[in-house]
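All values below come from the heavy atoms of this structure, side chains included, with hydrogens, waters and symmetry mates left out. On a predicted model such as this, the values are computed, not experimentally measured, just so you know.
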Amino acid sequence: MRRELTGMSARCTLNQQSRNAISVRTKVYYSEEEKKNLIPTTVIPAKYRPVFEKFSHFNIMQSRVFDRVFKHDETLVVSAPTGSGKTVIFELAIVNELIKQEMKKASSSSSLASSSIDVVDNSFKVVYIAPLKSLCSQRFEDWQIKFSPFNLMCAELTGDTNNDEIIDLRRISIIMTTPEKWDILTRSKDFQNSMESIRLILIDEVHLLNDEGRGPKLEALVSRFKMAYKTRGHSNSFRFIAVSATAPNSSDIAEWLSEHERVQYDLSSRSIVLSDDYRSVQLMKKVIGYHCASSWNDFLFEASLNSKLRAVIEQYSEQKPTLVFVATRKSCYQTAKKLAEDGTFVGRNYHLSVLRALQNTLKDSKLKENILKGIAFHNAGLTVPDRQAIEKYFHEGHIPVLISTSTLALGVNLPAHLVVIKGTFHYVNGECIEYSESEISQMMGRAGRPDYGAKGRAVIMTKKQLETKYKKLISGTQPIESYLPKYLCECLNAEIVLRTICSISEAIDWMNSTFFAIRVRKNPENYNMDPLWTNERIQEKLQDMIKIELNRLKRLDLIQVCDTGNYFKSTSLGVLMAIRSLNCSTMEKLVQLKGNETLQQLLSLICKCEEVASSSRLRSTEKRCLNALNIHDKNEPVGRSIRFPFNGKIAHDHAKAYVLIQSIFGDLEIETSLIQDAHRAIKVGERVARCLSEVVFQRSESFRLVLNSMTLHKCFRAQMWENSSYIARQLPKIGTKLAESLVRANLSSFEDIENTDPRKLELFMGRRAPFGKQIKEAALRIPKYEISIQTERKDKYGGPLGVIVEIRMKNYQLVERTKVHNVLLIVGTPTDKILFKSLISERTFFIKDGYHIVQVNIPNYTSAYLHLISDYYVGIDISYEIFPEFGAAVSDIHKSISIRPIDGYYDAFVAPLPSKEEDDPGDIELLDEAPDRVLDSDDDPWDIPDEELEDVFVWQESS
């Protein structure tokens with residue numbers, strides 16, 4: 001006999017942007033025997049029970065791990081099925097820490113029994129790390145409600161969080177972040193000051209270690225945290241709690257995470273692996289093999305499954321929600337089209353009327369075609385409103401069948417009764433590869449939720465010859481491996497910048513603290529090592545790997561080595577590589593510039609960098625529209641066509657990025673499926689362009705190169721060309737169409753907008769009051785500069801030897817001061833020589849009543865170009881050409897020079913500087929041993945800037 005027991009709530013985020021979550025009360029079924037083993041929530045002190053108020057008992061999985069999480073303080077790794085309630089493990093660990101903090105101050109144990117909520121000490125910190133922004137959003141929505149009564153402030157820090165929006169970490173108690181953002185945060189000075197207060201690090205989906213692209217980031221930052229505690233001698237202990245749906249070798253992860261703990265426990269107690277029996281809803285798994293002709297490739301085989309898919313859905317879905325995972329965006333549409341041709345899945349008129357209303361709101365024409373049949377698809381090519389609408393209606397049960405690319409398995413919390421994996425490969429980095437066990441498990445884990453009954457179903461459709469393989473794979477025996485060696489150079493550089501590593505011995509200690517060091521000894525063949533090697537031989541190999549990468553860093557001038565070879569430190573280039581999170585291959589491209597590159601060549605260079613090219617993978621279906629975009633139309637207004645067409649057909653990833661970036665810069669219309677790729681390329685490209693401008697400023701003597709690199713970085717930030725007429729798009733609430741309407745009214749500068757009546761602005765844009773006033777006020781807050789130039793002294797013939805440049809911010813009292821930007825003042829000659837360069841902060845004008853004065857030395861008989869360039873706004877730059885005038889009276893200072901405003905593209909009127917060859921610094925002669933050290937918190941053995949590493953420009957003035 002089975003009875004009902006109210007279980008955990010199921011949460012689903014319908015609109016991730018607005019963070020509006022819906023909590024649904026669900027029912028979980030337990031037998032009488034199972035119910036006896038459940039732990040009631042009454043064992044939690046009364047004041048903390050509201051955290052678990054949605055259920056009366058912990059479920060089977062939570063009860064199984066309760067003692068280890070709540071009554072002990074050691075590191076713990078839990079591998080449990082998707083949908084088993086692993087989030088509660090994190091909440092139990094946080095409550096346990098709250099109780100520990102309270103007990104330190106409590107005068108008696110009776111205070112714990114109090115039902116009132118007393119504010120506890122919030123000086124400790126909890127870090128929650130998840131692979132996806134959506135998971136961080138879900139935890140933020142939930143935990144800010146649950147833990148705010150205990151004076152714990154929560155903050156969500158992900159890729160959507162701008163650096164300007166990151167608030168003081170000292171005031172935050174619970175941080176929700178992704179590995180990439182946490183990596184950036186751990187490189188900041190704020191983190192270094194707050195690290196000792198971290199007590200809990202919660203890692204969700206720890207099997208991310210098995211991801212070739214993102215796993216090394218997670219592995220490196222965890223190892224960094226452990227090494228920082230070791231080298232800095234922190235006394236306070238901290239605890240790791242890691243959970244995963246697929247971690248068969250969880251004991252290896254537990255060994256890696258717990259080696260910092262002073263008291264060594266039995267590793268078997270540090271890791272708990274739970275089978276599917278601990279799911280609140282049991283999951284039936286099925287693998288079906290189909291014939292695949294020898295002449296078929298993976299795409300043809302997957303297409304052949306379209307005719308077999310309906311039978312699988314009808315057999316296993318029980319007319320309940322079904323998710324179908326496919327390999328590509330194109331397959332999403334083709335699969336949906338085939339299912340719709342074979343009939344409808346809508347069985348009630350009510351759902352049909354709801355779907356008609358939904359159809360009218362959708363923008364994608366292909367999505368509209370099949371929606372009335374109860375079939376929809378979901379991929380990254382849809383607009384955000386379309387994706388959100390599809391997610392909402394599928395969750396509410398109005399869409400019976402949803403077809404998606406595999407990215408949905410981790411990205412969106414949309415469970416179903418039936419999950420079908422149509423084909424066991426996907427398209428990654430330009431090639432077809434099979435799903436990993438982790439990916440298969442994540443997709444199958446979407447099947448089965450209490451809302452849909454006591455059982456869920458997952459079906460894998462694969463080739464007949466692979467049927468046996470996948471039957472073994474779903475049993476969960478594939479271990480998690482490390483991909484750290486692929487990014488070892490980047491990881492070492494980051495640790496050297498942070499002073500986690502300062503010697504060869506510390507580098508080896510750091511290597512031994514990684515997950516890679518554990519797995520390489522247990523599975524050496526996976527890392528191209530002989531399985532017969534002893535641990536001593538493997539250790540020698542690890543030391544050789546360290547030395548090879550350190551020598552690579554030295555050759556690129558990213559580190560400096562002391563005379564003895566014992567210690568090394570980061571150079572300014574190494575700091576830039578670390579804070580911009582760039583690959584070593586990208587830095588190699590940046591430091592090898594010749595000095596005569598044009599704006600077009602710099603853009604091409606950025607697009608060829610691995611970070612940018614990999615963000616815009618080219619699909620065969622996109623080539624036609626990309627080639628159509630790749631046309632320069634001289635009849636179009638400035639900035640409204642591809643400025644630098646790609647030479648040849650679009651056939652590579654970097655060519656796609658090259659065209660898409662210019663399409664955004666030029667406000668061109670591009671297909672919906674390309675919009676997300678374009679903005680991703682812009683976002684990544686801005687990071688590379690910023691580092692490029694910083695490297696060039698430090699190293700280059702070329703006037704042209706410094707000017708072009710700074711200009712290109714600003715184009716990426718503003719997402720438009722520096723000579724665009726559509727500058728109004730930088731104002732709030734102004735998009736491409738409204739900017740076009742202002743240009744048609746001959747309002748192509750901020751000054752034009754400021755001098756126009758608000759009513760006329762509203763008339764031009766088709767908007768109502770007070771929109772015109774708001775736009776005018778926004779334009780008034782954009783900084784406006786003017787320059788005056790005077791001779792400071794002359795030579796014996798009356799020619800100018802130096803000039804005084806006075807820069808005035810005309811509206812400094814109106815400029816917004818919450819986000820301070822910079823302007824670059826650079827003076828150079830027609831022969832490409834730099835006479836003066838300086839980066840001036842807006843703060844300088846705020847404290848000097850809007851003025852800033854500099855002196856520039858100009859050689860005899862030389863004309864010069866002067867540029868004042870904002871690093872943030874397009875449309876406010878100033879350029880002058882300075883001419884020396886001879887024959888004027890020596891006493892007549894003001895007539896010894898003349899200036900002429902100039903416009904246009906800088907490459908057209910400056911001669912290139914011959915390229916220079918750099919000497920090869922040679923290899924590092926590293927000693928095998930170096931003395932140990934304990935680095936003091938205020939120990940600073942070399943000159944690293946005092947400002948936040950994330951915001952610093954390591955630039956120098958040239959006199």
Side-chain angles (χ1 to χ4, degrees), residues 489-490 493-494 496-497 551-561 568-599 601-606 608-609 611 685-714 716 822 824-829 831-840 865 867 869 871 906-907 910-922 942-945 947 949 951-959:
C489 183
E490 291 79 7
N493 180 71
I496 294 170
V497 168
N551 280 316
R552 184 183 181 189
L553 292 173
K554 182 176 184 293
R555 281 193 295 272
L556 293 177
D557 195 25
L558 299 174
I559 64 172
Q560 291 179 343
V561 182
F568 37 79
K569 65 181 181 179
S570 181
T571 65
S572 58
L573 289 180
V575 173
L576 289 177
M577 174 179 167
I579 64 177
R580 304 296 170 230
S581 297
L582 298 185
N583 294 334
C584 200
S585 60
T586 297
M587 287 301 295
E588 192 168 4
K589 290 183 175 69
L590 301 187
V591 300
Q592 292 178 351
L593 292 171
K594 297 178 180 180
N596 58 355
E597 285 79 6
T598 64
L599 195 68
Q601 290 170 334
L602 292 179
L603 176 61
S604 178
L605 173 72
I606 289 175
K608 289 179 180 178
C609 292
E611 296 87 346
E686 182 187 354
R687 178 159 50 90
V688 179
R690 182 174 184 179
C691 187
L692 169 65
S693 65
E694 294 166 337
V695 170
V696 167
F697 204 107
Q698 286 187 35
R699 296 169 62 90
S700 179
E701 299 174 2
S702 168
F703 183 37
R704 173 213 296 262
L705 186 56
V706 173
L707 190 60
N708 284 340
S709 63
M710 186 72 174
T711 299
L712 186 58
H713 169 231
K714 178 172 61 176
F716 271 96
N822 307 289
L824 169 68
L825 177 64
I826 182 168
V827 182
T829 68
T831 58
D832 207 27
K833 181 180 179 181
I834 297 176
L835 302 178
F836 180 88
K837 61 180 178 181
S838 176
L839 190 70
I840 307 167
Y865 299 111
H867 295 272
I869 303 177
D871 72 345
Y906 184 65
D907 283 331
V910 67
L913 187 71
S915 61
K916 296 184 177 181
E917 297 293 337
E918 296 291 340
D919 294 332
D920 185 354
W942 56 86
D943 183 20
I944 288 182
E947 295 83 5
L949 284 180
D951 297 321
V952 69
F953 278 74
V954 193
W955 292 2
Q956 298 175 351
E957 290 190 1
S958 173
S959 60

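Interatomic distance, OG of Ser572 versus CD of Gln698, reported as 3.5 Å (0.5 Å rounding). Between atom OG of residue Ser709 and atom CG of residue Leu599 there is a gap of 9.5 Å, rounded to the nearest 0.5 Å. Annotation: the span from Asn596 atom CG to Gln601 atom CD amounts to 6.5 Å, rounded to 0.5 Å. Atoms CE and OG, on Met577 and Ser570 in that order, are 9.5 Å from each other to the nearest 0.5 Å. Distance check: Leu602 CG to Leu705 CG gives 6.0 Å after rounding to the nearest 0.5 Å. Note that CG of Asn822 and CD1 of Ile840 are 9.5 Å apart. Values are rounded to the nearest 0.5 Å.
Inter-residue side-chain proximity for Leu573 and Arg699 is flagged as met; some heavy-atom pair is nearer than 4.5 Å. Side-chain contact between Leu835 and Ile826 is absent, with no heavy atoms from C-beta onward closer than 4.5 Å. By the 4.5 Å heavy-atom criterion applied to side chains, Met587 and Cys691 are counted as neighbours. Side-chain contact check for Ile579 versus Val497: every heavy-atom pair is 4.5 Å or farther apart. Side-chain contact between Asn708 and Glu597: absent, with no pair of heavy atoms (C-beta onward) separated by less than 4.5 Å. Under the 4.5 Å side-chain criterion, counting only non-hydrogen atoms from C-beta, Cys584 is in contact with Leu556. Using a 4.5 Å heavy-atom cutoff, the side chains of Leu692 and His713 are not in contact. Between Thr598 and Arg704 the shortest side-chain heavy-atom distance falls below 4.5 Å.
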Problem set entry | Verdict with supporting geometry, Val561 and Lys554, side-chain contact (heavy atoms from CB on, under 4.5 Å) | CA-CA 8 Å; Val561 182; Lys554 182 176 184 293; 4.0 Å; yes

Problem set entry | Derivation and outcome, side-chain contact (heavy atoms from CB on, under 4.5 Å), residues Asp557 and Val591 | CA-CA 9 Å; Asp557 195 25; Val591 300; over 6 Å; no

For this session: Test Ser702 against Ser700 for side-chain hydrogen bond (donor to acceptor under 3.5 Å, both in side chains), laying out the working first.
Result: CA-CA 5 Å; Ser702 168; Ser700 179; 4.6 Å; no

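At a threshold of 4.0 Å, the pair Asp871-Arg690 does not count as salt-bridged, since none of the basic side-chain nitrogens sits closer than that to a carboxylate oxygen. Using a 4.0 Å cut-off between charged nitrogen and carboxylate oxygen, Glu694 and Arg580 count as a salt-bridge pair.
Leu605 is linked by a side chain to side chain contact (heavy atoms under 4.5 Å, CB included) to Lys589, Leu590, Leu593, counting only residues two or more places apart in sequence or in another chain. The side chain to side chain contact (heavy atoms under 4.5 Å, CB included) search around Gln592 returns Glu588, not counting sequence neighbours. Partners of Thr586 under the side chain to side chain donor-acceptor pair (under 3.5 Å) rule, at least two apart in sequence or in another chain, are Glu611. Contacts of Gln560 classified as side chain to side chain contact (heavy atoms under 4.5 Å, CB included), with partners at least two apart in sequence or in another chain: Lys569, Thr571.
When all heavy atoms of Ala689 and Phe716 are compared, the closest pair comes out as CB-CD1, 3.7 Å. Contact record, Cys489 with Leu553: SG-CD2, 3.5 Å, taken as the closest heavy-atom pair.
Relative orientation of the Phe703 and Tyr865 rings is parallel, given thresholds of 30° and 60° on the angle between their planes.
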